[in-house]
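Structure, as structure tokens:
The analysis underlying the following values was restricted to heavy atoms, covering all of them including side chains, and did not include hydrogens, waters or symmetry mates. On a predicted model such as this, the values are computed, not experimentally measured, just so you know.
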Amino acid sequence: MAARLLFVFAVLYSLLITILSLIQLGKISLGDFNPTDKMMHLGAYFGLGMLWFIYYIFKKPEDHFKNQHFFNITILIILFGMLIEVLQGTITSYRQPDWADILANSIGVLLALGFCLGFLKFFKRLKHKINLFL
């Protein structure tokens, strides 16, 4: 049950990133704090990575964890970010691809990977407790 909910959140978040990346947006500011475009990219892809990694942790049985799967998820999310950048340059007239955005996206995913691997035991315990509760 928890894995299905995480899957829905991960898919919806992926769609949200796709839509927000392809529509025309004005400058975003939060009061006196004015986040840069690269910080927003890094944060968005950190969140995307966290959702997909945690979904994987909750989906797989304990004895089926493989570091290769985390690597595959990382590569797929980075490729997703690259595809979005290509689409910005090909299907929109108001956006253009940017290598620095790809770098910020990738750093966000890698930070999420490091965080999830660093707290893997915590997420496994949380999974166990949630499964007992449900």
Side-chain angles (χ1 to χ4, degrees):
M1 173 85 162
R4 271 189 261 167
L5 189 58
L6 284 165
F7 178 76
V8 169
F9 282 139
V11 169
L12 289 175
Y13 191 80
S14 300
L15 289 172
L16 180 66
I17 285 179
T18 302
I19 292 166
L20 290 176
S21 297
L22 297 176
I23 64 172
Q24 192 168 10
L25 293 171
K27 189 174 182 178
I28 297 173
S29 66
L30 304 170
D32 291 336
F33 180 68
N34 189 6
T36 66
D37 178 54
K38 305 312 172 237
M39 287 171 51
M40 291 189 318
H41 277 266
L42 190 143
Y45 278 78
F46 177 83
L48 184 64
M50 289 296 293
L51 279 172
W52 283 110
F53 293 133
I54 293 172
Y55 162 70
Y56 170 72
I57 292 166
F58 274 68
K59 176 77 173 154
K60 289 293 181 183
E62 296 292 323
D63 57 344
H64 286 89
F65 277 118
K66 294 188 178 167
N67 286 339
Q68 181 65 39
H69 293 158
F70 284 104
F71 176 76
N72 292 344
I73 294 168
T74 302
I75 295 301
L76 287 172
I77 297 172
I78 289 172
L79 289 174
F80 170 75
M82 293 172 124
L83 174 64
I84 294 295
E85 289 298 317
V86 168
L87 290 174
Q88 285 180 345
T90 57
I91 68 171
T92 69
S93 60
Y94 43 83
R95 297 260 184 145
Q96 48 191 322
D98 185 356
W99 284 105
D101 288 348
I102 293 171
L103 180 62
N105 297 345
S106 300
I107 290 170
V109 174
L110 292 172
L111 287 172
L113 173 65
F115 187 85
C116 279
L117 290 177
F119 288 92
L120 187 58
K121 288 182 182 180
F122 167 78
F123 288 121
K124 286 180 179 180
R125 283 194 309 267
L126 181 63
K127 171 186 168 181
H128 181 68
K129 287 180 181 181
I130 288 174
N131 286 337
L132 286 176
F133 181 71
L134 298 175

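The ring-ring contact (aromatic ring centres under 6.0 Å, His included) search around Phe122 returns none, not counting sequence neighbours. Under the ring-ring contact (aromatic ring centres under 6.0 Å, His included) criterion, Phe58 pairs with no residue at all, not counting sequence neighbours. Every ring-ring contact (aromatic ring centres under 6.0 Å, His included) that His69 has, sequence neighbours left out, goes to Tyr56. Listed by chain and residue number, nothing satisfies the ring-ring contact (aromatic ring centres under 6.0 Å, His included) test with Phe71 (two or more places apart in sequence, or in another chain).
Residue Ile75 is grouped with residue Val109 when hydrophobic side chains (ILVMFWY) are merged at heavy-atom distances under 4.5 angstrom, including chains of intermediate members. Follow the hydrophobic side-chain contacts under 4.5 Å out from Val11 and you reach Ile78 in the same cluster. Taken together through direct or relayed side-chain contacts under 4.5 Å among Ile, Leu, Val, Met, Phe, Trp and Tyr, Ile84 and Ile91 form parts of separate hydrophobic clusters. The cluster map of Ile, Leu, Val, Met, Phe, Trp and Tyr, joined by side-chain heavy atoms under 4.5 Å apart, puts Phe115 and Leu126 in the same cluster. Note on Leu111: it clusters hydrophobically with Leu79, by side-chain heavy-atom contacts below 4.5 Å among ILVMFWY residues.
Minimum interatomic distance between Pro97 and Gly89 (heavy atoms only, all atoms of both residues): CD-CA, 3.3 Å. Closest approach of Ala10 and Leu48 over heavy atoms only: O-CD1, 4.4 Å.
Residue pairs satisfying the side-chain hydrogen bond (donor to acceptor under 3.5 Å, both in side chains) criterion with at least one member in residues 80-99, sequence neighbours excluded, are listed as follows: Lys38-Asp98.
Note: Phe9 and Tyr13 fail the aromatic proximity criterion, with ring centroids not under 6.0 Å apart.
Remark: Met50 CE to Phe123 CZ distance equals 4.0 Å, nearest 0.5 Å. Rounding to the nearest 0.5 Å places CD of Gln68 at 10.5 Å from CD1 of Ile73. Separating the CG atom in Leu5 from the CD1 atom in Ile130 is a distance of 9.5 Å, to the nearest 0.5 Å. Separation of atoms CD1 (Ile57) and CG (Leu6) is listed at 9.5 Å; rounding is to 0.5 Å. Put simply, OH on Tyr45 and CG on Leu110 are 13.5 Å apart, with the number rounded to the nearest 0.5 Å. His41 contributes atom NE2, which lies 6.0 Å from atom CG of Asn105 (distance to the nearest 0.5 angstrom).
Residues Lys124 and Leu120 have side chains in contact (heavy-atom distance under 4.5 Å, counting atoms from C-beta outward).
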Using distance only, find each side-chain donor-acceptor pair of residues 16-26 under 3.5 Å and give its atom names and separation, not counting sequence neighbours.
{"residue": "Thr18", "atom": "OG1", "partner": "Ser14", "partner atom": "O", "Å": "2.9"}
{"residue": "Ser21", "atom": "OG", "partner": "Ile17", "partner atom": "O", "Å": "2.7"}

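Within a 6.0 Å sphere centred on NZ of Lys127, heavy atoms belonging to other residues, nucleotides or ligands number more than 12.
Note: Phe7 and Trp52 have perpendicular aromatic rings, judged against thresholds of 30 and 60 degrees for the angle between ring planes.
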